[in-house]
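What follows is a set of notes on a single structure, which appears directly below.
Chain naming here is simple, since letters A, B, ... match the order of the sequence lines and numbering starts at 1 in each. The analysis underlying the following values was restricted to heavy atoms, covering all of them including side chains, and did not include hydrogens, waters or symmetry mates.
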There are 2 protein chains.
Amino acid sequence: MIRSKIALAARLAPLVALASPALSQEPPKSAPSPNEIVDAAPASDWVKIAPRDLLVMTLAPAADGSTRKVVIQLMPAPFSLGWVDNIRTLARDHWYDGIAVVRVQDNYVVQWGDPNGEDPAKAKPLPKGLKVMSEGDYASPVPPPSAKSPRAPAIGFAHVLDAYAPATGFTLTGWPVGSDGKMWWPVHCYGMVGVGRNYSPDTGTGAELYTVIGTPPRHLDRNIALVGRVIEGMEFLSSLPRGHGPLGFYQDPAKRVPILSVRLASDLPAAEQPHYEYLSTESQAFAKYADARANRRDPFFIHPAGGADICNIPVPVRPVPAG
Amino acid sequence: MIRSKIALAARLAPLVALASPALSQEPPKSAPSPNEIVDAAPASDWVKIAPRDLLVMTLAPAADGSTRKVVIQLMPAPFSLGWVDNIRTLARDHWYDGIAVVRVQDNYVVQWGDPNGEDPAKAKPLPKGLKVMSEGDYASPVPPPSAKSPRAPAIGFAHVLDAYAPATGFTLTGWPVGSDGKMWWPVHCYGMVGVGRNYSPDTGTGAELYTVIGTPPRHLDRNIALVGRVIEGMEFLSSLPRGHGPLGFYQDPAKRVPILSVRLASDLPAAEQPHYEYLSTESQAFAKYADARANRRDPFFIHPAGGADICNIPVPVRPVPAG
């Protein structure tokens with residue numbers, strides 16, 4: 001197993017772009033931290049996230065009355081298109097309003113959905129026209145290296161030493177992926193959002209979602225659809241009390257956290273729309289940031305690792321004023 | 001960098017024990033889950049944890065009055081011996097009683113210590129005789145493969161595709177480690193406990209501790225001392241509200257969570273001592289469990305990963321009755 005993975009990685013190497021010139025330079029002994037590199041990136045290196053790709057989920061207020069807003073960035077083409085379409089349909093139908101966070105399993109996931117979803121007599125009816133996806137849709141064909149259209153991005157950065165994929169890297173649209181050279185797929189990092197499902201061949205609709213709150217459960221890659229990532233308010237999910245039923249489901253229905261509403265930002269009044277941008281994974285600043293995550297040279301560190309796991313290089317995202 | 005790491009891994013391969021015979025067998029299509037394998041392990045595969053290696057930390061009760069007890073298993077030889085000795089000294093001195101959880105940074109760490117530790121005029125005096133450790137003590141020499149004494153365990157299992165270490169595996173005493181063939185060192189997985197420190201060359205005393213609550217921050221390996229892991233009550237730390245000061249420190253002192261007491265289990269009255277055992281990393285059951293973590297064949301899965309990150313194979317630990 002190990003031998004064949006190394007061979008695969010070697011075969012992939014010519015396909016993926018390896019370290020950019022910036023990565024092989026010898027920086028000064030006390031170099032900027034990853035955050036300092038991100039803060040210094042020019043405005044032109046940041047890419048605005050389209051309002052139709054933002055999902056705003058409002059939880060019931062906390063015990064002290066404070067608001068709890070979670071913002072999810074939906075995944076772009078070519079990944080998980082049918083599920084993401086379903087999520088837009090469910091949000092526009094206000095289907096999510098009134099469902100709840102039902103499961104919090106420590107070091108694993110927070111999950112939300114219809115608490116009665118498993119009971120056909122009580123389950124909330126789903127809107128018509130939801131797409132039915134297949135297990136083959138968990139991965140997509142890698143576009144040829146020459147194709148650079150927005151719908152067919154190429155891997156921009158590679159870390160091949162990964163236990164779960166022959167190669168890992170970032171799409172030019174800002175998402176972490178694994179690849180075997182032919183196919184690529186999004187990977188389960190902290191804060192990624194996926195689609196709950198029943199046993200195979202069920203693939204889920206998008207009505208039941210979860211996010212990762214612990215060690216990246218990369219064994220779920222290619223076994224469940226990933227549809228986005230939490231970019232604001234993650235703490236309102238990750239700090240919820242853990243459930244004590246099987247799989248971390250809340251045994252006491254009173255523990256569930258009601259979801260008041262889920263809206264696409266593009267469906268909100270202009271004044272209520274949040275705005276975000278991400279650091280382009282094509283930029284020199286991102287390459288320097290990723291290198292600094294792999295080789296910490298800021299003053300605290302004495303022993304740079306010389307590598308970094310794909311999930312330990314989160315793509316920087318920040319809120320921005322409207323306009 | 002990537003090329004040289006693969007070469008190193010290949011050189012290390014003869015040193016570490018690779019897949020045991022059980023791992024290369026072709027199991028039935030619907031095989032037991034990792035948890036089912038653990039549950040079926042014979043009693044003889046479990047190893048009792050000595051009471052002197054257990055640290056019982058009692059937090060102030062939760063808002064609803066319920067108790068919050070956290071149990072930490074201290075790391076055995078040859079790792080971090082001086083820091084672990086200091087922690088035993090601090091616990092026996094009751095020094096930790098009255099300190100607090102002061103920092104909760106989402107997807108990173110929960111940290112506890114003296115809230116006034118940075119102010120020489122107000123800091124709680126440390127007991128005399130604490131050991132001063134060096135940065136060289138973050139790693140230990142790998143014992144020769146033939147040595148099998150309890151103080152010089154050999155790696156029992158290896159996963160070489162790791163971005164942070166040429167090889168990773170488990171000591172025969174039940175701990176996840178990285179190695180370059182000459183040295184080995186404990187690794188930062190979810191729930192591992194480390195020693196807070198100031199800038200190099202400071203190495204910390206053990207008076208300030210943290211545990212990992214997110215993506216394994218493996219870049220900290222060999223940069224900070226690891227001294228143990230949380231084996232019970234992790235949720236009382238991981239579900240705490242996040243701090244909003246720099247680095248996730250609580251800005252409002254009222255948010256801090258008081259620590260009522262920290263005791264070695266061996267210093268508690270016999271009736272109050274908790275008891276735990278871990279699944280021997282030398283056992284066939286552990287080899288099967290690790291293989292199942294890397295190749296999920298239980299019914300939910302359609303695509304086994306073919307590998308697993310060292311931090312995604314947590315060593316099973318369970319409470320047991322006294323006696």
For the student: nearest non-hydrogen atoms of B/Phe236 and B/Val70, plus distance: CB-CG2, 4.3 Å
Where on A/Asn198 is there a heavy atom nearer than 4.5 Å to chain B: the side chain, the backbone, both, or neither? backbone
In short, A/Asn223 meets B/Ile302 closest at the heavy-atom pair OD1-N, 2.8 Å
Most chain A-contacting option - heavy-atom pairs closer than 4.5 Å, from B/Arg296, B/Arg242, B/Arg293: B/Arg242
Determine whether A/Ser66 and A/Asp64 satisfy the following criterion, side chain to side chain donor-acceptor pair (under 3.5 Å), listing intermediate values before the conclusion. CA-CA 6 Å; A/Ser66 58; A/Asp64 66 1; 2.6 Å; yes
So which of A/Tyr199, A/Tyr138, A/Phe300 has the biggest tally of heavy-atom pairs under 4.5 Å with chain B? A/Phe300
Select, from A/Pro304, A/Ser200, A/Pro201, A/Pro216, the one with the greatest count of heavy-atom pairs under 4.5 Å involving chain B. A/Pro216
Looking at A/Gly204, is its backbone amide N or carbonyl O close enough to the side chain of A/Trp83 to form a donor-acceptor pair, meaning the two atoms are under 3.5 Å apart? yes
My understanding is that only residues two or more places apart in sequence, or in another chain, count here; which of them pass side chain to side chain donor-acceptor pair (under 3.5 Å) with A/Thr215? A/Asn107
Residues in side chain to side chain donor-acceptor pair (under 3.5 Å) contact with A/Arg218, at least two apart in sequence or another chain: A/Asp162, A/Asp221
Picking from B/Ser238, B/Cys189, B/Pro217, which has the most non-hydrogen pairs under 4.5 angstrom with chain A? B/Ser238
Please flag which part of B/Arg222 lies under 4.5 Å from any non-hydrogen atom of chain A: side chain, backbone, both or neither. both
Please identify, among B/Met234, B/Arg197, B/His219, the residue contributing the most non-hydrogen atom pairs under 4.5 Å to chain A. B/Arg197
